[in-house]
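Below you'll find the structure, written out as structure tokens, and then a few comments.
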Number of protein chains: 2
Amino acid sequence: MRTQRLKAGASVVTEGQLVSECGVLISGYACRHKVAKDGGRQIVSFHVPGDLLDMQHLWLETADHNVQVITDANVAFVPVTALRQLVEDHPALGVALWRDSLLDASVFREWVLNVGRRDAKTRIAHMLCEFVARSEAAGLGGPSDQVIPMTQEHIGDATGLTPVHVNRMLRTLREEGALKGSGRDLQVADWKCLKQSAEFRGDYLHLAA
Amino acid sequence: MRTQRLKAGASVVTEGQLVSECGVLISGYACRHKVAKDGGRQIVSFHVPGDLLDMQHLWLETADHNVQVITDANVAFVPVTALRQLVEDHPALGVALWRDSLLDASVFREWVLNVGRRDAKTRIAHMLCEFVARSEAAGLGGPSDQVIPMTQEHIGDATGLTPVHVNRMLRTLREEGALKGSGRDLQVADWKCLKQSAEFRGDYLHLAA
DNA sequence: CGTCAAATTGACAAGGCTCAAGTGCCGTGG
DNA sequence: CCACGGCACTTGAGCCTTGTCAATTTGACG
């Protein structure tokens, strides 16, 4: 296992690449994304410290998407071979990892719903709610303690919207009192209000377990 | 293990439900979907005979989405407890199932991209390509042998479009020669042409393995 | 033959995109 | 210390893809 310090924007895994290590995010934030033929980028998940970044490479050798850090970050890389050995020796660990990959899938399903069926404002609010809820679960403090680390372009790429429209919707959410702080200092102003705008119910995160 | 014959539209699993059995689709077609607060339905995957319908319930006890058959179908149900025992006794089977759930997740990621970044025509074409490719992999014959089993409403629910617009786009794809057969008898007319309209590359299905 | 679900088509409305210009912040270098 | 450059944010105007509403047709089945 080796750890690596990465600068904001650095790439961890590239689509099509043969992968022999699984990354774990130690500090900083990351995202996974795919690129459409026209160059449009779609972010499929955000990650907070402690998250496993690409556990699927334990059993799928070629990457089907890109992993990138969105802030300066530290990432630990564990060789797939070592991980397989670990799982073989400790079945309970295997179950935990397997369960984690199922949680991942659950989040993806919610994203399909989010991007497919909700309007711009709700969509953005929902994405932010999920991020904040996951950060909190990772021990980074409550909703009001956190500063959202992504740019409006990231938010657009995650929600299938243009940065311009993201900006307009963020303004609306700010005017409604759900968010506060402009520019790169976005914060939750009223968690309950934001959740309501987002139609957010965290059940799909299966955190209670 | 018990098997059950289900009529088109019957529900297999409902969101929020505590699940103690995993379903396997023996014959017929199925889909998984979630519902937004405004009642809008988002289909997150389609399934062909042989697919595992809800393997995530092996490790997550409450369902975060609905499973429904879209044609008359036969479904086998395996108790979670038995499945866990099997996995414990036969680690290789566990790996196979785990890998399957990772494939599932890969498909979800592609759907996020599809719904988030592609225009209506491409989106529909892509969804159809995936379905046909998976059917072929399941041994149901080549692209030109298959009749697409879903209604235009299903297609709309899967792509985040209205049935009306799906209809318009299907007409266009038909006029371009990619599809043939109107109404409930939709078929692929020109696989290459359809793939091109869809910007389809099946890598994410990880079928080669 | 009647009924019902699904498909089809047209006219119009609207949410989100594009294009374009301008602002604020921050790090860098003179 | 200040000027500069770059990046992200902000805002406005007009357009286009897709949604909405509504009427009609088609096909399957009892």
Side-chain angles (χ1 to χ4, degrees), chain A residues 7-9 29 31 36 38-43 70-72 114-128 147-175 179-187 197, chain B residues 7-10 29 31 36 38-43 68-72 114-125 127-128 147-175 179-187 197:
Chain A
K7 290 227 171 118
Y29 296 92
C31 72
D38 68 354
R41 183 171 81 148
Q42 178 67 46
I43 293 177
I70 62 179
T71 63
D72 290 349
N114 198 40
V115 172
R117 281 291 165 215
R118 296 201 253 252
D119 65 23
K121 197 183 78 175
T122 315
R123 211 185 288 184
I124 291 170
H126 194 280
M127 192 230 84
L128 293 174
V147 176
I148 280 106
M150 43 261 195
T151 65
Q152 294 181 3
E153 189 174 358
H154 287 134
I155 299 177
D157 284 346
T159 50
L161 299 165
T162 55
V164 176
H165 203 59
V166 168
N167 186 289
R168 290 195 262 254
M169 293 300 105
L170 286 180
R171 173 161 51 128
T172 307
L173 286 168
R174 220 179 290 128
E175 286 165 2
L179 298 176
K180 68 184 172 189
S182 60
R184 260 145 301 182
D185 182 47
L186 193 61
Q187 280 188 288
S197 298
Chain B
K7 289 227 171 119
Y29 296 93
C31 71
D38 68 353
R41 183 172 82 148
Q42 178 67 46
I43 293 178
Q68 202 173 21
V69 297
I70 62 179
T71 61
D72 290 351
N114 198 41
V115 172
R117 280 293 165 212
R118 296 201 253 252
D119 65 22
K121 197 183 79 175
T122 315
R123 209 185 290 183
I124 292 171
M127 191 231 86
L128 293 175
V147 175
I148 279 106
M150 42 261 195
T151 65
Q152 294 181 2
E153 189 174 359
H154 287 133
I155 298 176
D157 284 346
T159 51
L161 299 165
T162 55
V164 176
H165 203 58
V166 169
N167 187 289
R168 292 193 268 251
M169 294 299 106
L170 286 179
R171 174 159 53 126
T172 307
L173 286 167
R174 223 179 287 129
E175 285 164 3
L179 299 176
K180 67 184 173 191
S182 60
R184 260 146 300 182
D185 182 47
L186 194 61
Q187 280 187 288
S197 297

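As the structure is a computational prediction, the values presented were derived from the model and not from experiment. The sequence lines fix the lettering, A, B, ..., with proteins before strands; numbering per chain opens at 1.
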- Item | B:Arg184 or A:Lys121, whichever maps to the more 5' nucleotide of DNA chain C | B:Arg184

- Query: If you look at every heavy atom in B:Ile155 and B:Leu186, which pair is closest and at what distance?
  - Reply: CD1-CD2, 4.5 Å

- Heavy atoms of A:Met169 and A:Ile124 approach each other most closely as CB-CD1, 3.6 Å

- Query: Taking CG from B:Asp38 and C1' from D:dG19, how many angstroms apart are they, rounded to a whole number?
  - Reply: 13 Å

- What distance separates A:Thr159 OG1 from A:Asp119 CG, expressed to the nearest 0.5 Å? 11.5 Å

- Task: Between B:Arg174 and A:Arg118, name the one whose nearest nucleotide on DNA chain C is closer to the 5' end.
- Result: B:Arg174

- Query: Rounded to whole angstroms, how far apart are CE on A:Met169 and P on D:dC9?
  - Reply: 16 Å

- To the nearest angstrom, the CD1-C1' distance between B:Ile148 and C:dA7 comes to 16 Å

- Query: What's the CG-C1' distance between B:Leu170 and D:dT26, to the nearest Å?
  - Reply: 16 Å

- Specify the separation, in whole Å, of atom NE2 of B:His165 and atom C1' of C:dT8. 15 Å

- Can you tell me how far C1' of C:dT9 sits from CD of B:Glu175, to the nearest Å? 13 Å

- Touch class at under 4.0 angstrom, heavy-atom based, for B:Arg117 against every strand present: nothing

- Query: Which value, rounded to the nearest 0.5 Å, describes the distance between A:Met127 atom CE and A:Arg118 atom CZ?
  - Reply: 12.5 Å

- Query: Reckon B:Asn167 has a side-chain N or O less than 4.0 Å from the OP1 or OP2 of C:dT8?
  - Reply: yes

- Query: Counting side-chain heavy atoms from C-beta on, which of C:dT9, D:dG19, D:dT10 comes nearest to A:Gln152?
  - Reply: D:dT10

- For B:Arg168, answer base if it contacts any base atom (sugar-phosphate contacts may also be present), sugar-phosphate if it contacts only those atoms, and nothing otherwise; contact means non-hydrogen atoms under 4.0 Å. base

- Query: Quick one: do B:Arg117 and A:Asp157 make a salt bridge, cutoff under 4.0 Å?
  - Reply: yes

- Note: A:Val115 and B:Gly116 closest approach over all heavy atoms is CG1-CA, 3.2 Å

- Side chain of A:Arg171: nearest nucleotide among C:dG16, C:dT9, D:dG12? D:dG12

- Message: Side chain of B:Thr151 only, heavy atoms from C-beta on: which candidate in D:dG19, C:dT8, C:dA7 is closest?
- Response: C:dA7

- Flag the pair B:His165 / B:Lys121 as yes when at least one side-chain heavy-atom distance between them is below 4.5 Å, and no otherwise. no

- What's the CG-P distance between A:Asp185 and D:dA8, to the nearest Å? 16 Å

- Hey, can you pull the residues of residues 153-161 of chain A with a non-hydrogen atom under 4.0 angstrom from DNA chain C? A:Gly160, A:Leu161

